[in-house]
Number of protein chains: 2
Amino acid sequence: MVTAPPVPAKRRKSASWTQDPEGVRRDILAVARAEFVENGLSGARVDEIAAKTSNSKRMIYYYFGDKEGLYRAVLEEAYARIRTFERSLDLAALPPREAIATLTGFTFDYHADNPDFVRLVMIENIHHARHLATSTKISVLNLSAIDMIREVYERGLAEGVFREGLDPIDIHLTISALSFYNVSNQASIRQVFGHDMAAPAARERRRRSAIETVLRMVCR
Amino acid sequence: MVTAPPVPAKRRKSASWTQDPEGVRRDILAVARAEFVENGLSGARVDEIAAKTSNSKRMIYYYFGDKEGLYRAVLEEAYARIRTFERSLDLAALPPREAIATLTGFTFDYHADNPDFVRLVMIENIHHARHLATSTKISVLNLSAIDMIREVYERGLAEGVFREGLDPIDIHLTISALSFYNVSNQASIRQVFGHDMAAPAARERRRRSAIETVLRMVCR
DNA sequence: GACCAATTGAACTATCCCGTACAATTGGAA
DNA sequence: TTCCAATTGTACGGGATAGTTCAATTGGTC
């Protein structure tokens, strides 16, 4: 008669296995982001995220505390990315008109290319931006984008190509609205009007329209 | 000795109480709408809706089948309302420029005055407009708004006040984007830029900007 | 008044789902 | 090697949650 071995040869992942906390974090974050983007904060399931990770649910709680902590981390990463994008623009090198056109085009493209970001912002707004408010990593007041626009706008005023009386915030809101809406409301636009804004032709057409609209708004 | 009354005086709601299915439906719908708008589809709780109703949870399932059926009913009502609003506009009576300005102003106001509608549309888009797609009561193709714009646009072309080459869809998308974004993203705008778009002064300023922007877009 | 279909109430269930207890393993410091 | 703190796996608990069961009540019709 053979007794079962006392330790039933519990398999290690590989012969000699190294810990990789950063890798684990990144893996979890990527999966979590996809789940939150797809299902929202309430709709996402921690068990589902864990299952799609190469790690166990225990890790999520170890690294992120709870579901909201995980969501906050996803949100922080998304905002960090767009801040990086914004900083990468060098509008000061361009004449005012071209600067505004370039900014609008890039903003439009960033939104169209990153629907995940757009959906996260939608989800966060459904929650009244409660997590943006409590996050310590997301600097609450981000005025660099506005400052960039102000610099260009004043240059355009000085050169006499822009009309007076505009608020940089207003310019920013217009650019954002024209970039955000097509992506955020893509599904309902398709249902109600039968137009697929994600199709290359429609997207390109809309992009040109956005740039033209913003230029007509600011130019004399 | 007095025996307890055979039926222990189970209290009727009032002396003589009448059934009112339509009232029950309306009551449930109003409460459900508030809950869905506040918490989203996944976040809303049927028990919570039932508790805030003057009826029991049983009624919700009796009249609406399940949670999604209730949500669909809320959505259908919201879309029915904005269709009514759209039909109430009589742009044909106005000269083209004024017609576009009026349409933009009214659309802006409708969104600002009905954040519930805006949030429902956001929520529906998070769910990829799946319920808009399956609803039988919401006519999937709603082209009346587009047709209205096309009529005005062609009138403006004929009179030589509008520039050529625009797509009515594009005009509609621009008006919608400029009306929707301030409301849908109100919370994140406040967090990130410290601006409260719901404040009367900011709202009025933005309204004027939207009208001006659309006019500059379409006019020669 | 009797009967039936529409409506309603109260308690219940099965499942889902977030989070935790506890033990085990690992890497590195001494 | 030894020991400790940082990680990680397994199994489970407790409460929330959508939806149901079953019977009772109601209003209208004959």
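Per chain, numbering begins at 1; letters A, B, ... match sequence-line order. Note: hydrogens, waters and symmetry copies are ignored here, and every other heavy atom, side chains too, is used.
- For the side-chain hydrogen bond (donor to acceptor under 3.5 Å, both in side chains) test, residues two or more places apart in sequence or in another chain that qualify with B/R208 are B/E204.
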Under 4.0 Å protein heavy-atom contacts per nucleotide of nucleotides 16-21 of chain D, with B for base, S for backbone only and - for none: -SBBBB
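- OP1 or OP2 of C/dT8 has not a single side-chain nitrogen or oxygen of B/S56 nearer than 4.0 Å.
- A/T174 and B/R206 share a side-chain donor-acceptor pair at under 3.5 Å.
- Taking the six-membered ring where tryptophan is involved, the planes of A/F106 and A/F85 are tilted, since the angle between them lies from 30° to 60°.
- For B/Y62, the side-chain atoms get nearest to C/dA6 when compared with the rest of D/dT8, C/dG9, C/dA6.
- Atom CE of B/M59 is separated from atom P of D/dT26 by 13 Å (rounded to the nearest Å).
- Checked for salt-bridge contact, A/D116 and A/R119 miss the test: no charged N lies under 4.0 Å from a carboxylate O.
- In this entry the distance linking CD1 of A/I60 with C1' of D/dT7 reads 15 Å, nearest Å.
- Separation of the A/Y181 and B/Y181 ring centroids does not fall under the 6.0 Å cut-off.
- Neither OP1 nor OP2 of D/dT7 sits under 4.0 Å from any side-chain N or O of A/Y63.
- With rounding to whole Å, A/I28 atom CD1 is found 12 Å from D/dT7 atom P.
- Under the 4.0 Å criterion applied to side-chain N and carboxylate O atoms, B/R203 and B/D109 are assigned as salt-bridge partners.
- When the C1' atom of D/dT7 is taken as reference, atom CG of A/D27 falls 16 Å away, rounded to whole Å.
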